[in-house]
Amino acid sequence: MTTIYFVRHCKPDSSWQDDRTRPLTQEGFEDSFEVARILKDKKIDLFISSPYKRSFDSIKPAAELYGTRIQTDERLRERKAGPNGNNHEMFQKRWADFSYAEPDGESIGAVQKRNIEAVEEILKNHEGKTIAIGTHGTALSSIINYYEPSFNADSFMKIIDFMPWILRMDFDGTKYLGRQEVFHIYKEYKE
């Protein structure tokens with residue numbers, strides 16, 4: 001069995017304009033040590049992250065605890081937002097139509113495709129291992145939806161305020177066996 005602990009990032013600084021380099025808030029930084037506390041006894045073999053700073057930094061204390069470095073995978077990045085922003089109406093529209101993308105934005109279908117490619121490659125290359133992956137809300141939700149199509153816009157809205165959110169998913173090869181929520185901290189989502 002292969003186990004992946006997906007870690008949706010801790011609270012980011014929403015005033016930071018560049019999505020790729022957006023840091024954690026001080027509160028988010030402190031919560032990254034809670035992530036390390038939760039993961040410390042999980043026997044993690046490998047740490048992989050989205051290249052975005054907030055995801056990387058959310059699992060950094062845990063990786064340091066294990067004395068290992070974090071690999072990054074560009075495919076695990078978050079959905080590119082278009083000019084219409086992230087509001088509840090847009091969330092509903094995107095989830096209703098996985099091919100919908102606003103100008104200069106990315107559809108949930110496109111996010112799902114590249115994230116699943118990364119996850120399946122990770123599963124094939126690290127069979128039988130325990131892996132921690134630093135990720136994002138929409139990216140992780142699209143992964144869950146791939147394996148559990150009932151995970152929808154309403155499900156996404158239930159986890160939007162979980163920063164961090166740690167979810168365990170188990171696999172036999174690339175066959176999905178199930179998931180279990182491990183930990184979350186409620187932090188109000190703000191655009």
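These numbers were taken from a predicted model, which means no experiment stands behind them.
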Between E74 and R20, is the salt bridge (Lys or Arg N to Asp or Glu O under 4.0 Å) condition met? List the steps. CA-CA 11 Å; E74 187 66 31; R20 184 172 286 271; 2.5 Å; yes
I'd like to know whether R54 forms a salt bridge (Lys or Arg N to Asp or Glu O under 4.0 Å) with D19, so could you lay out the CA-CA distance, the side-chain angles of the two residues, the decisive distance to 0.1 Å, and finally the verdict. CA-CA 9 Å; R54 62 191 180 273; D19 201 31; 3.0 Å; yes
Please step through side-chain contact (heavy atoms from CB on, under 4.5 Å) for the pair W95 and S141, ending with a clear verdict. CA-CA 10 Å; W95 278 92; S141 294; 3.6 Å; yes
Test log, rule salt bridge (Lys or Arg N to Asp or Glu O under 4.0 Å), inputs K43 and D45: CA-CA 6 Å; K43 299 181 179 158; D45 297 301; over 6 Å; no
Please report the C-alpha distance between I144 and L167 in whole Å, then the side-chain angles of each, then the deciding distance to 0.1 Å, and finally whether the side-chain contact (heavy atoms from CB on, under 4.5 Å) criterion is met. CA-CA 10 Å; I144 298 168; L167 187 71; 3.5 Å; yes
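When hydrophobic clusters are built by joining Ile, Leu, Val, Met, Phe, Trp and Tyr residues whose side-chain heavy atoms come closer than 4.5 Å, directly or via intermediates, I166 is not grouped with F171. Cluster membership check: F91 shares its hydrophobic cluster with Y146, using side-chain heavy-atom separations under 4.5 Å among Ile, Leu, Val, Met, Phe, Trp and Tyr. The cluster map of Ile, Leu, Val, Met, Phe, Trp and Tyr, joined by side-chain heavy atoms under 4.5 Å apart, puts Y186 and V182 in different clusters. L140 and I70 are not part of a single hydrophobic cluster, where members link through side-chain heavy atoms under 4.5 Å apart. Note: the hydrophobic cluster containing L123 also contains F6 (ILVMFWY, side chain heavy atoms under 4.5 Å, direct or indirect links).
Interatomic distance, CD1 of I108 versus CZ of R79, reported as 7.0 Å (0.5 Å rounding). Summarising the geometry, atom CD belonging to E64 is positioned 11.0 Å from atom CD1 belonging to I59; distances are rounded to the nearest 0.5 Å. Considering CG of D57 and OG of S32, their distance stands at 7.5 Å, rounded to 0.5 Å. Here the straight-line distance linking atom CG of L39 with atom CD1 of I44 works out to 5.0 Å at 0.5 Å rounding. In this structure, CG on D73 lies 5.5 Å from CD1 on I122, to the nearest 0.5 angstrom.
Of all the heavy atoms in S55 and S50, the pair that sits closest is CB-CB, 4.0 Å. When all heavy atoms of E188 and M163 are compared, the closest pair comes out as O-CE, 4.1 Å. Minimum interatomic distance between S150 and S155 (heavy atoms only, all atoms of both residues): O-OG, 3.9 Å. In terms of heavy atoms, D161 sits closest to R8 at N-NH1, 4.4 Å. Here the closest heavy-atom approach between residue K42 and residue I38 is recorded as CE-O, 3.4 Å. Residues S142 and V111 approach most closely at OG-CG1, 3.8 Å, considering heavy atoms.
Classification of the H9-H136 ring pair by plane angle, with boundaries at 30° and 60°, yields perpendicular.
Counting heavy atoms from C-beta on, the side chains of Y176 and M169 come closer than 4.5 Å. Residues F98 and S107 have side chains not in contact (no heavy-atom distance under 4.5 Å, counting atoms from C-beta outward). Two residues are said to be in side-chain contact when any heavy atoms from C-beta on lie closer than 4.5 Å; L24 and K11 fail this criterion. Looking at heavy atoms from C-beta onward, Y5 lies out of side-chain contact with I131 at the 4.5 angstrom threshold.
For R179 (side chain) and E148 (main-chain N/O), no donor-acceptor pair under 3.5 Å exists by modelled atom type. Looking at T135, its side chain never comes within 3.5 Å of a backbone N or O of V7 through a donor-acceptor pair. Although no hydrogens or angles enter the test, the distance criterion places a donor-acceptor pair under 3.5 Å between the side chain of T2 and the main chain of G128.
Between the side chains of Y100 and R94, no donor N or O sits under 3.5 Å from an acceptor N or O. Using a 3.5 Å distance cut-off with no hydrogens or angles, the side chains of T25 and D13 do not pair a donor with an acceptor.
Between F47 and F56, the gap from one ring centroid to the other reaches at least 6.0 Å. Side-chain rings of F151 and Y147 stay apart, their centers remaining 6.0 Å or farther from each other.
The environment of CZ in F29 is sparse: at most 12 heavy-atom neighbours from other residues, nucleotides or ligands sit within 6.0 Å. Within a 6.0 Å sphere centred on NZ of K53, other residues, nucleotides and ligands contribute 12 heavy atoms or fewer. By the neighbour-count criterion of 12 heavy atoms within 6.0 Å, atom CG of D41 is densely surrounded, having more than that number from other residues, nucleotides or ligands. Annotation: E89, atom CD; neighbour count of heavy atoms from other residues, nucleotides and ligands within 6.0 Å does not exceed 12.
For residues 112-124, the pairs satisfying side chain to side chain donor-acceptor pair (under 3.5 Å) are R75-E121, E106-R114, Q112-N145, K113-E117, with sequence neighbours left out.
With respect to E181 and K158, no salt bridge is recorded, no charged nitrogen being found less than 4.0 Å from a carboxylate O.
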